> 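First the structure, which I've put down as structure tokens, then a few questions once you've had a look.
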Amino acid sequence: MSSSIGGANVASGNYIQGYTNNPANIGLYKLSLLQTNYVNSEFDTEGTLISDGFLGGVNWIVPITVYRGSLAFGAGINTESHFSSTANWDGIEYNESGFLKSKSIYFSVEFSEKLFIGSELKYYSGEDKMTEMEISTGDVHHYNPDFNGWGFVFGLLKKINNKFNFGMSIELPLKFKVKDKYSEWNMNDVTSEYSDIWNYDVIRPVVSHLGFSYNGKIINVFYETEFTNWKNLEFKSNEYYTSDIFEINTQIRDEFKTTRCHYIGVGFHPEKIPVNIYFGYQHLPVPFTDTYKSDKKESLSLGASYVIANNISIQGCYKLYKWEYENIPEQYEQLSFGVSLHY
């Protein structure tokens with residue numbers, strides 16, 4: 001249900017069930033949880049549609065009985081990002097598809113009264129397929145990088161009182177090992193194919209999350225801000241010339257910038273009705289300029305959950321991303337369905 005509240009889950013505690021970006025949240029769980037969801041997506045640019053479906057994630061969370069305080073463990077497989085786009089400009093036809101998934105184990109412990117700390121170990125893996133074709137000449141360039149890396153997250157959650165939570169989490173620098181398989185050919189002469197493999201590392205900078213939640217009887221409010229200094233993105237390789245590496249990293253520092261994303265969510269819980277309704281908004285600045293209108297993307301989400309038995313609930317969420325890329329309106333939609341077992 002994290003998507004339903006716009007991803008504002010760093011201080012959601014146990015009010016939003018399932019996987020979040022703060023492992024300390026599961027310290028508030030009283031029951032075990034097994035949850036899964038499936039996602040259908042659609043990318044739309046100038047009337048051209050690309051549809052896809054994929055497993056959003058499977059997560060298992062188990063609280064452990066201890067003498068004092070709380071202790072909980074979790075494990076999951078989740079789709080972190082899904083790439084899907086197409087475009088046609090200046091005589092070049094462009095297509096892209098790919099994904100980034102993670103496998104993780106995480107835990108939370110009540111360090112002191114109403115103060116929970118947690119950590120998460122994640123293994124990332126994925127691939128991207130990008131094709132550019134010059135329509136007039138038939139020249140095709142195909143990039144197929146696959147990547148993997150280990151990540152670590154540290155989180156903290158403070159339950160200020162029965163209504164307010166404060167949360168923060170830090171994703172430490174993440175080193176992706178990339179194997180980029182490149183090939184080119186001409187549609188009119190398949191014997192002209194050329195291919196090569198480039199190996200390099202990309203180090204993603206620290207990502208910090210900070211937020212709070214208000215948890216009333218009928219209304220919940222969630223807020224989170226995310227800070228990333230993309231100037232600290234770094235390219236490394238033993239196969240490139242030192243001058244090329246220096247030029248790439250200089251370009252990153254010159255063109256990339258710091259981003260501060262904002263996530264807002266609201267939950268509505270009608271009395272005497274086993275239905276919860278959620279709304280979310282995301283303000284997503286991009287780390288570079290002069291490509292997207294106002295250098296940002298935005299998203300809106302609407303979700304609901306329904307308790308069909310004492311320990312089973314179902315969820316649904318619709319999420320819409322909108323932006324203008326090179327003055328062309330584009331949008332990306334997701335429709336997800338999930339089920340949770342509480343025991």
Side-chain angles (χ1 to χ4, degrees), residues 1-10 12 16-27 29 33-41 52-62 72-84 96-108 117-129 144-155 157 167-180 201-209 224 226-228 230 233 261 263 282 284 299 315 317 319 321 332 334 336 338-340:
M1 295 307 299
S2 176
S3 293
S4 298
I5 59 168
N9 57 51
V10 72
S12 59
I16 297 298
Q17 299 285 300
Y19 183 72
T20 68
N21 56 35
N22 185 358
N25 280 325
I26 66 172
Y29 280 50
L33 172 72
L34 181 61
Q35 184 182 57
T36 186
N37 71 300
Y38 185 82
V39 181
N40 282 297
S41 68
D52 198 5
F54 55 93
L55 180 68
V58 178
N59 288 277
W60 182 43
I61 299 171
V62 181
F73 292 90
I77 301 173
N78 295 281
T79 300
E80 301 274 343
S81 298
H82 177 248
F83 317 126
S84 180
E96 179 182 9
S97 64
F99 64 88
L100 175 63
K101 296 184 178 182
S102 69
K103 300 174 183 177
S104 62
I105 54 174
Y106 42 98
F107 83 96
S108 175
I117 60 173
S119 63
E120 178 181 11
L121 180 65
K122 307 176 73 170
Y123 176 73
Y124 294 90
S125 62
E127 71 168 337
D128 198 8
K129 296 179 180 180
N144 181 205
D146 60 62
F147 31 83
N148 61 80
W150 291 91
F152 184 81
V153 183
F154 172 79
L157 180 72
M168 63 174 291
S169 67
I170 297 176
E171 301 177 51
L172 297 183
L174 169 61
K175 181 179 180 180
F176 281 109
K177 300 190 73 66
V178 183
K179 182 179 181 180
D180 196 346
D201 298 335
V202 176
I203 302 176
R204 188 209 63 191
V206 171
V207 181
S208 303
H209 307 262
E224 177 181 334
E226 177 187 293
F227 174 87
T228 311
W230 289 104
L233 184 71
C261 302
Y263 310 94
Q282 294 182 334
L284 305 168
S299 82
Q315 306 95 32
C317 175
K319 195 168 188 177
Y321 295 86
Y332 177 73
Q334 286 187 341
S336 62
V339 59
S340 298

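Small disclaimer: the values here were computed from a predicted structure and weren't measured. All residue numbers refer to positions in the sequence shown, counting from 1.
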> Please round to the nearest 0.5 Å and tell me the distance separating atom OG of Ser2 and atom OH of Tyr263.
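Here the interatomic distance stands at 10.0 Å.
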> So does Lys122 pair up with Glu80, basic N to acidic O under 4.0 Å?
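Between Glu80 and Lys122 there is a salt bridge, with a charged N closer than 4.0 Å to a carboxylate O.
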> For the residue pair Phe152 and Ser119, what are the closest heavy atoms and their distance?
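So the minimum-distance heavy-atom pair works out to CZ-CB, 3.5 Å.
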> Nearest 0.5 angstrom please: Leu284 CG to Glu226 CD, how far?
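So the CG of Leu284 and the CD of Glu226 are separated by 8.5 Å.
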> Quick one: does Phe227's side chain get under 4.5 Å of Ile170's, heavy atoms only?
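Not in contact.
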> Give the C-alpha distance, both sets of side-chain angles, the deciding distance and a yes or no for side chain to side chain contact (heavy atoms under 4.5 Å, CB included) between Thr228 and Val206.
CA-CA 6 Å; Thr228 311; Val206 171; over 6 Å; no
> Measure the spacing between SG of Cys317 and CD of Gln334 and express it to the nearest 0.5 Å.
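It comes to 8.0 Å.
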> Test: side-chain hydrogen bond (donor to acceptor under 3.5 Å, both in side chains). Region: residues 145-155. Which pairs qualify, not counting sequence neighbours?
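Of all non-adjacent pairs touching residues 145-155, those that pass side-chain hydrogen bond (donor to acceptor under 3.5 Å, both in side chains) are Asp146-Lys181.
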> Do Asp201 and Val178 have side chains that get closer than 4.5 Å, going by heavy atoms?
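Asp201 does not reach Val178 side chain to side chain.
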> Does Leu100 form a side chain to side chain contact (heavy atoms under 4.5 Å, CB included) with Phe176? I'd like the steps, not just the answer.
CA-CA 11 Å; Leu100 175 63; Phe176 281 109; 4.1 Å; yes
> Looking at every non-hydrogen atom in both residues, tell me the closest pair between Ser108 and Ile26 and how far apart they are.
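Where Ser108 meets Ile26 most closely, the heavy atoms are CB-CG1, 3.6 Å.
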> Output all residues satisfying side chain to side chain contact (heavy atoms under 4.5 Å, CB included) with Ser340, sequence neighbours left out; order by chain, then residue number.
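Here the qualifying residues are Leu33, Gln35, Ser313, Gln315, His342.
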> Are the side chains of His82 and Ser84 in contact, using a 4.5 Å heavy-atom criterion?
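When only atoms from C-beta onward are counted, His82 and Ser84 do touch, with a gap below 4.5 Å.
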> Decide yes or no for Phe147 and Ser125: does some side-chain heavy atom of the first lie under 4.5 Å from some side-chain heavy atom of the second?
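Side-chain contact under 4.5 Å: no.
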> Taking Asn21's backbone N and O only, do any of them form a donor-acceptor pair with Asn9's side chain (distance below 3.5 Å, no angle check)?
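Checking the backbone N and O of Asn21 against the side chain of Asn9, a donor-acceptor pair under 3.5 Å is found.
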> For Gly18 versus Tyr29, what's the shortest heavy-atom pair and its separation?
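Minimum heavy-atom separation between Gly18 and Tyr29: N-OH, 2.9 Å.
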> Given 3.5 Å as the limit, does a donor-acceptor pair link the side chain of Gln282 with the main chain of Gly6, or not?
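Side chain of Gln282 to backbone of Gly6: a pair is present.
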> Which pair of heavy atoms, one from Ser41 and one from Phe54, lies closest together, and at what distance?
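Closest pair (atom of Ser41, atom of Phe54, distance): OG-CE2, 4.0 Å.
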> Run the ring-centre check on Tyr19 versus Tyr106 and record whether the distance is less than 6.0 Å.
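Yes; Tyr106 has its ring centre under 6.0 Å from that of Tyr19.
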> I need the minimum non-hydrogen distance between Ala24 and Gly118, along with the two atoms involved.
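Of all heavy-atom pairs spanning Ala24 and Gly118, the closest is CB-N, 3.8 Å.
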> Could you state the interatomic distance from CD (Glu127) to NZ (Lys179), rounded to the nearest 0.5 Å?
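Rounded to the nearest 0.5 Å, the CD-NZ separation comes out at 12.0 Å.
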> Going by heavy atoms in the side chains, are Leu174 and Ile203 under 4.5 Å from each other?
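Result no, sub-4.5 Å side-chain heavy-atom pair not found.
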> Less than 4.5 Å apart, any side-chain heavy atom of Pro23 and any of Val153?
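SC-SC contact between Pro23 and Val153 confirmed.
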> Should Ser208 and Met168 count as side-chain neighbours, where that means a heavy-atom distance under 4.5 Å?
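Of all side-chain heavy-atom pairs linking Met168 with Ser208, none is under 4.5 Å.
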> Rounded to the nearest 0.5 Å, how far does CG of Asn59 lie from OG of Ser104?
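Between atom OG of Ser104 and atom CG of Asn59 there are 6.5 Å.
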> Of the non-hydrogen atoms in Tyr321 and Ser299, which two are nearest, and what is the gap between them?
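Between these two residues, the closest heavy atoms are CD2-CB, 3.5 Å.
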> Test of understanding: with side-chain hydrogen bond (donor to acceptor under 3.5 Å, both in side chains), list the residues that count as partners of Asp128, not counting sequence neighbours.
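None.
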> Is it true that a side-chain atom of Thr79 and a backbone atom of Leu55 form a donor plus acceptor pair closer than 3.5 Å?
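Yes; judged by distance alone, with no hydrogens or angles, the pair exists.
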> Just verifying a value: how many Å separate Ser97 OG and Phe83 CZ, rounded to the nearest 0.5 Å?
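Here the interatomic distance stands at 10.0 Å.
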> Quick check: does any side chain N or O of Thr20 sit under 3.5 Å from a backbone N or O of Asn22, one acting as donor and the other as acceptor?
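It does hold such a pair.
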> Would a distance-only check, ignoring hydrogens and angles, find a side-chain to backbone donor-acceptor pair under 3.5 Å from Arg204 to Trp230?
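Side chain of Arg204 to backbone of Trp230, a donor-acceptor pair under 3.5 Å: no, none is there.
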